Protein chains: 2
Amino acid sequence: MKRGIDQPPPLGGVGPPDDETAVDGPLHDRVYRQLRHALVTGRIVPGRAVTLRGLAQQLGVSPMPVREAIRRVSAEGGLVVGANRRVWVPAMDGERYDELIRARTLLEPEAAVRALPHIDRERLDRLRDIDDSIDVALERGDVEAYMAGNHRFHFEIYAANPSRVLVPLIESLWLQFGPFMRSVYGRLGTAALVDHHVVALDAIIARDAEALAAAIRADILEGMELIASTVLAAGPVGDEEVDRRRA
Amino acid sequence: MKRGIDQPPPLGGVGPPDDETAVDGPLHDRVYRQLRHALVTGRIVPGRAVTLRGLAQQLGVSPMPVREAIRRVSAEGGLVVGANRRVWVPAMDGERYDELIRARTLLEPEAAVRALPHIDRERLDRLRDIDDSIDVALERGDVEAYMAGNHRFHFEIYAANPSRVLVPLIESLWLQFGPFMRSVYGRLGTAALVDHHVVALDAIIARDAEALAAAIRADILEGMELIASTVLAAGPVGDEEVDRRRA
DNA sequence: TCGGCGAAATTGTGATCACATTGATCCGAA
DNA sequence: TTCGGATCAATGTGATCACAATTTCGCCGA
């Protein structure tokens with residue numbers, strides 16, 4: 001006879017370390033990277049609760065590093081702490097979504113333009129490879145691979161310039177819309193997605209800053225605005241479980 | 001014969017709770033608010049180390065809530081964790097400063113414009129009161145009161161619109177330049193500061209979104225660019241102690 | 001069936017401890 | 001004098017515990 005709160009299903013995808021997130025350093029750093037990766041790629045969907053002991057058990061660590069990781073991720077907007085002190089992936093509604101789009105269109109073209117002079121041939125080759133892998137993911141209908149590739153493509157550009165302000169801001173935005181985009185793509189399928197990155201690649205090759213900014217802006221708008229507004233017209237996403245759990 | 005690392009002087013200003021930061025809720029929340037307030041108002045200067053036990057002792061709490069608060073503040077860019085795991089207030093250099101200015105000029109006019117329709121008479125009165133208090137602080141040469149008032153003025157505007165994306169981003173920016181601006185103002189004195197807020201107030205009264213955006217932008221540029229570039233021309237600020245302490 | 005109450009389970013929080021790591025100092029050898 | 005090694009103190013980290021707060025569930029009565 002089980003008493004107490006329903007156990008949420010395991011947080012699919014926040015799992016054992018893989019090559020990308022398991023490097024030396026404190027355990028809480030590793031947990032943080034795993035958690036943020038799971039959010040960016042949408043492995044955790046809006047409305048989902050995250051508990052210290054649940055995540056700790058899943059990752060095979062004590063609750064301490066999980067606490068610290070959750071504190072970091074929530075400071076960046078990827079998780080919210082309710083009045084009841086419970087932690088969950090925030091729901092997405094029209095206003096918040098609109099702000100995310102706006103923030104992205106303000107910040108990401110700027111970061112791309114600042115990075116442009118620093119994009120060398122090696123980085124350009126890597127961008128091409130990532131773009132190819134995105135195309136493969138789209139053909140396969142692999143939403144998660146698409147999202148991971150999309151993230152990598154953008155940040156491969158921005159990271160060309162060692163930024164300590166703009167890029168962390170942008171990273172925090174990606175944390176915030178990743179879970180929702182995953183649920184959107186899951187509903188609509190990858191067939192609805194179009195890979196606009198070739199325009200950005202052309203602009204980079206041409207060293208055309210204005211064209212690059214416009215390509216990034218268009219990528220954001222076309223990638224986020226037309227698709228997800230359809231879903232949000234039906235009301236916030238992720239509120240069902242949140243409402244149930246909120247004090 | 002004292003062994004070990006030099007004890008940094010007490011973190012002036014991160015002190016007992018005052019009315020603004022002492023509300024109900026978890027202790028780590030209170031420590032966080034105290035810490036961020038200290039950074040925004042420049043009570044801690046660039047390069048300054050922050051230790052768990054040091055801050056815990058100063059605040060009369062255990063290191064646990066301090067850990068969580070430091071983790072939050074560092075996630076927002078207000079503190080940096082070095083390769084040696086030590087925590088300190090980051091140094092300011094020309095590139096980082098330029099990015100902060102740019103990020104502010106991208107985000108704050110947007111937040112102000114979005115807030116404009118929501119600014120009622122009460123909030124306008126509060127803005128006037130804050131602006132008056134800023135003028136008083138400038139006359140008195142009270143740098144900290146000036147900084148606190150300036151922060152309050154800006155966020156009293158932006159908070160008119162319930163924002164969950166733009167305003168937290170802007171808050172994280174203020175965390176990042178607060179300590180440096182304090183050292184700048186300390187060197188130049190308040191006589192070098194001009195209160196431009198009346199232009200923003202006029203734009204709000206006139207309900208002129210474009211004028212408001214321009215006023216905020218001008219406030220940022222004139223407040224940050226001309227003054228601090230003079231100081232930064234001499235090299236990064238806050239690196240002396242950082243260099244000494246870095247592994 | 002619904003609502004209220006009480007008990008049990010779960011959850012986050014703060015305290016504390018031990019330990020690994022880092023930094024500073026001292027001492028001896030070259 | 002300089003350099004390297006040993007020692008000690010300080011620091012961050014992860015583990016664990018007890019406790020307060022919140023949630024869940026079962027029972028009972030209307």
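Proteins get letters first, then strands, A, B, ... in listed order; numbering begins at 1 in each. Every value quoted in this text rests on a predicted model; they were computed, and no experiment measured them.
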Exercise for the section: Establish, with yes or no, whether the OP1 or OP2 oxygen of D/dG12 is under 4.0 angstrom from a side-chain nitrogen or oxygen of B/N84. Expected result: no

Exercise for the section: Among C/dG23, D/dG12, C/dT10, find the nucleotide with the atom closest to the side chain of B/V87. Expected result: D/dG12

Practice task
Starting at atom OH of A/Y32, determine the distance to atom P of D/dT13, rounded to an integer number of angstrom.
Solution key: 15 Å

Practice task
With sequence neighbours excluded, tell me which residues meet salt bridge (Lys or Arg N to Asp or Glu O under 4.0 Å) with A/E171.
Solution key: A/R36

Problem - Under-4.0 Å salt bridge between B/R114 and A/D98 - result: yes

Handout entry: Axis-to-axis angle between the two ends of the helix from C/dT1-D/dA30 to C/dA30-D/dT1 (five base pairs per end, rounded to 10 degrees)
Key = 20°

Handout entry: Set of residues satisfying side chain to side chain contact (heavy atoms under 4.5 Å, CB included) with respect to A/S183, sequence neighbours excluded
Key = A/P46, A/F180, A/V237

Practice task
Among residues two or more places apart or on two chains, list those pairs meeting side chain to side chain donor-acceptor pair (under 3.5 Å) that have a residue in residues 153-163 of chain B.
Solution key: A/E99-B/S163, B/E108-B/H154, B/E108-B/Y158, B/H118-B/N161, B/R123-B/E156, B/R126-B/E156, B/H154-B/Y158, B/H154-B/D219

Handout entry: salt bridge (Lys or Arg N to Asp or Glu O under 4.0 Å) partners of A/R164, counting only residues at least two apart
Key = B/D93

Exercise for the section: Check side chain to side chain contact (heavy atoms under 4.5 Å, CB included) between B/E144 and all other residues, then give those that pass, not counting sequence neighbours. Expected result: B/T41, B/R43, B/D142, B/R182

Enumerate all atom pairs, one protein N or O and one N or O from nucleotides 13-20 of chain C, separated by less than 3.5 Å.
unit_1: C/dT13; atom_1: OP1; unit_2: B/H28; atom_2: NE2; d: 3.0
unit_1: C/dT13; atom_1: OP2; unit_2: A/R71; atom_2: NH2; d: 2.7
unit_1: C/dG14; atom_1: OP1; unit_2: B/L27; atom_2: N; d: 2.1
unit_1: C/dG14; atom_1: OP1; unit_2: B/H28; atom_2: N; d: 3.2
unit_1: C/dG14; atom_1: N7; unit_2: A/R67; atom_2: NH1; d: 3.2
unit_1: C/dG14; atom_1: N7; unit_2: A/R67; atom_2: NH2; d: 3.0
unit_1: C/dG14; atom_1: O6; unit_2: A/R67; atom_2: NH1; d: 3.1
unit_1: C/dA15; atom_1: OP2; unit_2: B/S62; atom_2: N; d: 3.0
unit_1: C/dA15; atom_1: OP2; unit_2: B/S62; atom_2: OG; d: 2.1
unit_1: C/dA15; atom_1: O5'; unit_2: B/S62; atom_2: OG; d: 3.4

Fill in the blank from the handout: A/W88 atom CH2 is separated from D/dT23 atom C1', nearest whole Å, by 14 Å

Fill in the blank from the handout: Across all chains, not counting sequence neighbours, the salt bridge (Lys or Arg N to Asp or Glu O under 4.0 Å) partners of A/R102 are B/E110

Problem - salt bridge (Lys or Arg N to Asp or Glu O under 4.0 Å) partners of A/R53, counting only residues at least two apart - result: none

